[in-house]
Amino acid sequence: MSSVRLDALTSWHADWKGLRVAVLGLSVTGFSAADTLAELGADVLVLSESAAEEYERLIPVIGARLDLGALDEVPQSLRDFDPEVIVASPGFSPSHPIIRWAQDAGIALWGDIELAWRVRDKVVRADGTPAEWVLITGTNGKTTTTQLTATLLVEGGLRAAPCGNIGIPVLDAVRDPAGFDVLVVELSSHQLWYIGLSSSAGALVPYASVCLNLADDHLVWHGSAAAYRDAKAHVYRNTRVACVYNKADEATRIMVEDAEVIEGARAIGFDLGVPGPSDLGVVDGILADRAFHDDRAHSALELTTVEDLAEAGLAAPHIVQNILAASALARSLGTAPEAIKRALQTFRLDEHRIQVIARHAGITWVDDSKATNPHAAASSLRAYPGAIWVVGGDLKGVDLSELVADAGRTAGAALVIGVERGEVVAAFARHAPAVPVIEVVTGETEDVMTRVVELAAGIADDGGTVLLAPAAASFDQFTSYGDRGHRFADAVRKWIDRGSADDAGGPPAAH
């Protein structure tokens, strides 16, 4: 198909009728794409290996077709359909046979984010313009920062919605009849890889953007650390006003320096140190803004204090960094410092993010099951030095050696879970031999966290902490990181209900 028609499809009100679009995947993202395209009048074929019963029932209702079956090669139904565009769900990696086939055949390949950007004017603001977009990515902290940013903007008087990888499809936010002033879009590296394929017609032009940090993750999906980094860097492309970066993470600064942005866009740094004239940082326990301030060369604006954040359970160093990043994004859109301070007084972290489950018998139990990679786990270990560390799971091809050699050395002991325990145990033997290591050996998911809690209670010191920060995905033994965290919390509460740590029975010999 000529690119002329596709280049013209940059509005909800463009002529989408009859456009042959194949949608890959039928999770919440895939359904939102299919539903949007069907509403636009496109000819939609959805291909998926499986589907929830509700989505399977709704696809014909919305006027699309569904082909369920194996997708380990290009289905004949897709070849016969001869798509003009393929909209792929984020799970389809660059090496997937269908993605390779589409690229070899010159078929336009979009993610749901590009489709949402192209139709972002379905609902407009009073001045006739669509909502501004703020983009957020990073190896860790994306969801918390997305929630924080939306919360700060709303407190500042703007209609803002968190969406994207946070669990609410951007297409649902774009089509919400209530309309918004700002969409705060969390982006995974998978979604950003697809954004990197965008033609000039479909390229996003965000108001502000941030990459919070960068550490190896999803290497199997991307193929290499360099490819993962390059995908993350797409977040800054075409930014109009503020490119926010982490001064403590050189990779994010380099991304901003290398990015092609709209003339006039500013680089805004943040870290836990004293801020420079275009930065946000911390001075004597005060979170300070020297970026969005008329007299920023000589003074700073107070946003909140570390003491106030501690009262709200938000004082862990990596959470303070997330708050500074969110504040920079909100300040770029005019949110007043007073509104930021008010919003932070009531904001609370989601479950499984350094969540204190209980304090009992001298032990603090912390659930950070969301720490699914080494970078996140390192942040938690630094927040709780000396903790009994529950670590392990599906490593996703990532080597834990550097984590163990650095932050892992501070652990009081390590309880190793998961099917890849051998690699974790070996990492401790090589890089932190002084840390006692206990393998949690059990064949049943139901028993894993019960055994973890029994063992931890038997070795934790009075005033100590037991920290679930696995540095790994959960799918080897659990259905999700949430399931893993809930089972940990349930086991802790059952231990407390039994009324004594004496039931632990003592630990086995450490490795």
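Residue indices begin at 1 and follow the sequence shown.
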Just jot down the salt bridge (Lys or Arg N to Asp or Glu O under 4.0 Å) partners of [X], sequence neighbours excluded, or say none.
X: R296; value: none
X: R353; value: D350
X: D279; value: K247
X: R118; value: E114

side-chain contact (heavy atoms from CB on, under 4.5 Å) between H486 and H352: does it pass, once the steps are laid out? CA-CA 8 Å; H486 282 304; H352 317 303; 3.5 Å; yes
Applied to residues 254-272, the salt bridge (charged side-chain N to carboxylate O under 4.0 Å, His left out) test, sequence neighbours excluded, yields R253-E257
In short, salt bridge (charged side-chain N to carboxylate O under 4.0 Å, His left out) pairs touching residues 136-156 with sequence neighbours left out are E155-R342
Exercise for the section: Could you tell me whether D72 atom CG has more than 12 heavy atoms of other residues or ligands within 6.0 Å of it? Expected result: yes
Would one find more than 12 heavy atoms of other residues, nucleotides or ligands at under 6.0 Å from atom CD of E250?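 For E250, atom CD is not crowded (no more than 12 foreign heavy atoms under 6.0 Å).
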Going by heavy atoms in the side chains, are [X] and [Y] under 4.5 Å from each other?
X: R240; Y: P206; answer: no
X: L204; Y: I113; answer: yes
X: P83; Y: L78; answer: yes
X: I136; Y: V235; answer: no
X: D82; Y: R20; answer: yes

Mind listing the side-chain donor-acceptor pairs of residues 326-336 below 3.5 Å, one per line with the distance, residues two or more places apart or on another chain?
residue, atom, partner, partner atom, Å
S327, OG, I323, O, 2.7
R331, NE, D289, OD2, 2.7
R331, NH1, T335, O, 2.8
R331, NH2, D289, OD2, 3.3
R331, NH2, F292, O, 2.4
S332, OG, L329, O, 2.6
T335, OG1, A330, O, 3.2

Under 3.5 Å donor-acceptor, [X] side chain and [Y] backbone:
X: S189; Y: Y228; answer: no
X: S198; Y: A203; answer: no
X: S474; Y: Y481; answer: yes
X: R290; Y: P275; answer: yes
X: W16; Y: S11; answer: yes
X: R120; Y: W117; answer: yes
X: D368; Y: A469; answer: no
X: R5; Y: D15; answer: yes
X: S480; Y: D483; answer: yes

Note to self: Between V87 and V85, does the side-chain contact (heavy atoms from CB on, under 4.5 Å) criterion hold? Intermediate values first, please.
What the structure shows: CA-CA 7 Å; V87 177; V85 179; 4.2 Å; yes
- Message: What verdict does the side-chain contact (heavy atoms from CB on, under 4.5 Å) test give for W101 and I86, after you've listed the backbone C-alpha separation in whole Å, the side-chain angles of each residue and the deciding distance to 0.1 Å?
- Response: CA-CA 11 Å; W101 171 77; I86 291 177; 4.0 Å; yes
Given the options T143, I354, L148, L349 meets side-chain contact (heavy atoms from CB on, under 4.5 Å) only with I354
Going by distance alone, is a donor N or O of one side chain under 3.5 Å from an acceptor N or O of the other, for [X] and [Y]?
X: H298; Y: D295; answer: yes
X: N140; Y: N373; answer: yes
X: N322; Y: T144; answer: no
X: T252; Y: N246; answer: no
X: D127; Y: T129; answer: yes
X: S209; Y: T239; answer: yes
X: D308; Y: T305; answer: yes

For a quick test of your reading: what N or O donor-acceptor pairs under 3.5 Å do the side chains of residues 162-185 make, sequence neighbours left out?
residue, atom, partner, partner atom, Å
N165, ND2, E186, OE2, 2.8
D172, OD1, R175, NH2, 3.1
R175, NE, T36, OG1, 3.1
R175, NE, L171, O, 3.2
R175, NH1, D35, OD2, 3.0
R175, NH1, E39, OE1, 3.4
D176, OD1, A178, N, 2.8
D181, OD1, R159, NH2, 3.1
D181, OD2, R159, N, 2.8
D181, OD2, R159, NE, 3.4

Step by step, would you call T149 with T146 a side-chain contact (heavy atoms from CB on, under 4.5 Å)? CA-CA 5 Å; T149 303; T146 300; 6.0 Å; no
Solution key, residues 51-65 side-chain donor-acceptor pairs under 3.5 Å, sequence neighbours excluded:
residue, atom, partner, partner atom, Å
R65, NH2, D43, OD1, 2.8
R65, NH2, D43, OD2, 3.4

Quiz item: Excluding sequence neighbours, so at least two apart, what forms side chain to side chain contact (heavy atoms under 4.5 Å, CB included) with H96?
Solution: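 Listed in chain order: L71, F92, S93, I98, I99.
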By side-chain hydrogen bond (donor to acceptor under 3.5 Å, both in side chains), T346 pairs with (sequence neighbours left out) none
Heavy-atom closest pair, residues V21 and A42: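 Minimum heavy-atom contact is CG2-CB, 4.2 Å.
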Residues at least two apart in sequence or cross-chain that pass ring-ring contact (aromatic ring centres under 6.0 Å, His included) with W110, listed by chain then number, are none
